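Only one structure is covered here, and it is reproduced in the block below.
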Amino acid sequence: MAAETQSTEASSGATIPCDDFRRFADFVPLMMWRSDTEGQAVHHNECWLDFTGRSRDDELGHGWRRGLHPDDFERHAALVAEAFSSRNPYSIEFRLRRHDGAYRWLLNNARPLTENGVFQGYLGSCFDITDRKRAEEHAEHALVEKEALLAEVYHRVRNNLQVMVSLIGLYGRAAPPPCRGSFEALGQRVRAIALVQQHLHEAPHIASIDLRDYLHRLASGLGQLRRAGRIGVVVGGSGTSLVEPRTANALGMIVAEVVAECLDATADSVSCTIAITIDAKAGAPVRLTIVSGGDQTGGDVQDVPNLGPRLVAAYAAQAEIAVRGTGTHSDPMELQLPEALVHASE
């Protein structure tokens with residue numbers, strides 16, 4: 001590069017950077033460029049030229065764009081045109097052909113230059129982010145594979161649960177009358193388990209599940225599964241959270257057990273209500289409170305074992321959920337979830 005002690009004028013009328021700027025730009029181990037007020041490139045530093053393997057003259061004006069990946073050309077041109085129109089800084093990712101013919105992803109950051117309030121063009125720098133982009137693509141593919149695997153597992157679990165329900169029904173009908181209530185309760189619980197798996201599978205993003213949406217959908221399904229129209233599950237509170245599948249699964253099983261316990265303890269003619277309150281304050285652990293109970297007691301209540309507390313404790317332990325309380329009005333069930341994947345207050 002020939003030394004210059006004075007600034008010279010480009011054909012476009014913009015000022016080419018002086019010798020001090022060129023020396024600085026060429027010293028920096030970073031791809032740098034400068035444009036005039038019309039968007040024409042007037043300088044690329046040595047690092048840029050080493051990357052492209054092209055001469056400085058080849059890169060001037062719009063010549064450098066010959067190295068842009070065809071799929072990125074229009075997107076880059078539109079964003080740059082908008083930035084020049086508004087004189088705002090901009091960032092863009094694009095692929096540029098390297099000297100060996102390989103396209104590499106670059107992150108281009110550019111800022112407008114002004115002198116005494118007069119716009120002089122843009123100064124930009126580029127980082128090679130190819131490794132990061134490949135890592136992101138790998139993560140996306142891994143997520144797709146994970147969701148496909150989870151979907152396959154769900155279908156297998158659903159089929160097995162259907163077989164279990166059929167077997168329980170067969171044994172229940174063949175059992176002595178005093179035992180049939182327990183078989184019926186067991187069958188209802190297995191159906192609830194199947195419903196929990198169904199709603200996990202139907203979540204928009206099975207790898208990270210929106211807690212409030214999931215509980216709303218599950219509560220509606222549980223309300224129709226048994227004693228339709230006589231059970232109500234209400235989800236309230238503030239905030240929400242994204243939880244892992246194992247946390248959502250454990251919560252679903254706990255809610256299903258609370259519903260089953262409430263139904264087992266009340267007659268078929270009695271309404272049963274479940275209230276779930278979410279407390280998801282920013283920066284704090286996600287907590288849930290569950291209260292259940294029938295409008296009245298008595299009547300023809302099934303004589304089935306009261307396994308609820310032990311089952312709830314087992315489900316909670318599987319997902320490291322802290323639990324206390326029995327779920328009654330006088331002793332609400334309080335759950336504290338492990339750290340969420342993403343937390344967002346409404």
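Keep in mind that what you see is a predicted model, and the values were worked out from it rather than measured.
Using a 4.5 Å heavy-atom cutoff, the side chains of Thr114 and Arg87 are not in contact. In this structure, Met253 and Ile193 have side chains that are in contact, with non-hydrogen atoms separated by less than 4.5 Å. In this structure, Arg75 and Leu79 have side chains that are not in contact, with every pair of non-hydrogen atoms separated by 4.5 Å or more. Counting heavy atoms from C-beta on, the side chains of Asp131 and Arg104 come closer than 4.5 Å. For the pair Leu337 and Leu251, the minimum side-chain heavy-atom distance is below 4.5 Å. Residues Leu211 and Leu288 are in side-chain contact: their nearest non-hydrogen atoms beyond the backbone lie under 4.5 Å apart. Annotation: side chain of Leu96 is in contact with side chain of Met31 (closest heavy-atom distance under 4.5 Å). Contact of the His62 side chain with the Gln40 side chain is registered, since non-hydrogen atoms from C-beta on lie closer than 4.5 Å.
Taking 4.0 Å as the cut-off between side-chain N and carboxylate O, Glu46 and Arg56 count as a salt-bridged pair. Between Arg287 and Glu334 there is no salt bridge, since no side-chain N of the basic residue sits under 4.0 Å from a carboxylate O of the acidic one. Residues Glu152 and Arg156 are paired through a salt bridge, judged by an N-O separation under 4.0 Å between the basic side chain and the carboxylate.
Ring geometry, Trp64 versus His76: the interplanar angle exceeds 60°, so the pair is classed perpendicular (tilted spans 30 to 60°). Between Phe84 and Tyr122, the angle of the ring planes lies from 30° to 60°, which puts this pair in the tilted group.
Heavy atoms of other residues, nucleotides or ligands lying less than 6.0 angstrom from CZ of Arg246 number more than 12. Counting heavy-atom neighbours within 6.0 Å of Phe119 CZ, excluding the residue itself, gives a total above 12. Within a 6.0 Å sphere centred on CD of Glu82, heavy atoms belonging to other residues, nucleotides or ligands number 12 at most.
Shown here for Pro338 and Thr247, the closest heavy-atom pair between the two residues is CG-OG1, 3.9 Å. For Val196 against Ala256, the heavy-atom pair with the smallest separation is CG2-CB, 4.4 Å. Between Asn108 and Cys126 the shortest heavy-atom distance is OD1-SG, 3.4 Å. Here the shortest heavy-atom pairing between Ala248 and Val243 reads CB-CG2, 3.9 Å. Scanning all heavy atoms of the two residues, the minimum distance from Leu49 to Glu59 falls at CD2-CG, 3.9 Å. Gly187 approaches Ile168 most closely through the heavy-atom pair N-CG2, 3.8 Å.
Under a 3.5 Å cut-off, the side chain of Asn116 and the backbone N or O of Val118 do not form any donor-acceptor pair. The backbone N or O of Phe73 sits nowhere less than 3.5 Å from a side-chain atom of Arg65 that would complete a donor-acceptor pair. Remark: side-chain polar atoms of Asp72 are not paired, donor with acceptor, to backbone N or O of Phe94 under 3.5 angstrom. Under a 3.5 Å cut-off, the side chain of Asp279 and the backbone N or O of Gly237 do not form any donor-acceptor pair. Without hydrogens or angle criteria, Arg97 side chain to Arg66 main chain gives a donor-acceptor distance under 3.5 Å.
Rounding to the nearest 0.5 Å places NE2 of His44 at 11.5 Å from CE of Met32. Atom CG of residue Leu123 and atom CH2 of residue Trp33 lie 7.5 Å apart, to the nearest 0.5 angstrom. One finds the CG atom of Asn109 at 9.5 Å from the CD atom of Glu93 (value rounded to the nearest 0.5 Å). Within the model, atoms CH2 of Trp105 and CD of Glu136 stand 9.5 Å from one another, a figure rounded to the nearest 0.5 Å. Taken from CD1 in Ile209 to NE2 in His199, the straight-line distance is 12.0 Å, to the nearest 0.5 Å. Atom CZ of Arg132 sits about 11.0 Å away from atom CD of Glu137, to the nearest 0.5 Å.
In the hydrophobic clustering, Leu167 connects to Val163, either directly or through intervening members, whenever side-chain heavy atoms lie under 4.5 Å apart.
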Steps toward side-chain contact (heavy atoms from CB on, under 4.5 Å) verdict (Asp213, Arg217):
CA-CA 6 Å; Asp213 173 69; Arg217 290 186 292 106; 3.0 Å; yes
Check step by step if side-chain contact (heavy atoms from CB on, under 4.5 Å) holds for Val234 and Thr273.
CA-CA 8 Å; Val234 179; Thr273 59; over 6 Å; no
Quick one, Lys133 with Arg95, criterion side-chain contact (heavy atoms from CB on, under 4.5 Å). Give me CA distance, side-chain angles, the key distance, then yes/no.
CA-CA 11 Å; Lys133 295 289 288 187; Arg95 286 161 288 186; over 6 Å; no
Residues Tyr214, Val255; criterion side-chain contact (heavy atoms from CB on, under 4.5 Å); working and verdict
CA-CA 12 Å; Tyr214 166 66; Val255 172; over 6 Å; no
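Both Leu222 and Leu311 belong to a common hydrophobic cluster when Ile, Leu, Val, Met, Phe, Trp and Tyr are linked at side-chain heavy-atom distances under 4.5 angstrom. Hydrophobic clustering, with ILVMFWY side chains joined whenever heavy atoms are under 4.5 angstrom apart, keeps Val165 apart from Leu170. Trp48 and Tyr103 fall into different hydrophobic clusters, defined by Ile, Leu, Val, Met, Phe, Trp and Tyr side-chain heavy atoms under 4.5 Å apart, directly or through other members. When hydrophobic clusters are built by joining Ile, Leu, Val, Met, Phe, Trp and Tyr residues whose side-chain heavy atoms come closer than 4.5 Å, directly or via intermediates, Leu215 is not grouped with Val291.
Asp58 and Ser55 share a side-chain donor-acceptor pair at under 3.5 Å. Side chain to side chain, Thr130 and Asp128 meet the donor-acceptor criterion of an N or O pair below 3.5 Å. A donor atom on one side chain and an acceptor atom on the other are found under 3.5 Å apart for Gln197 and Asn249.
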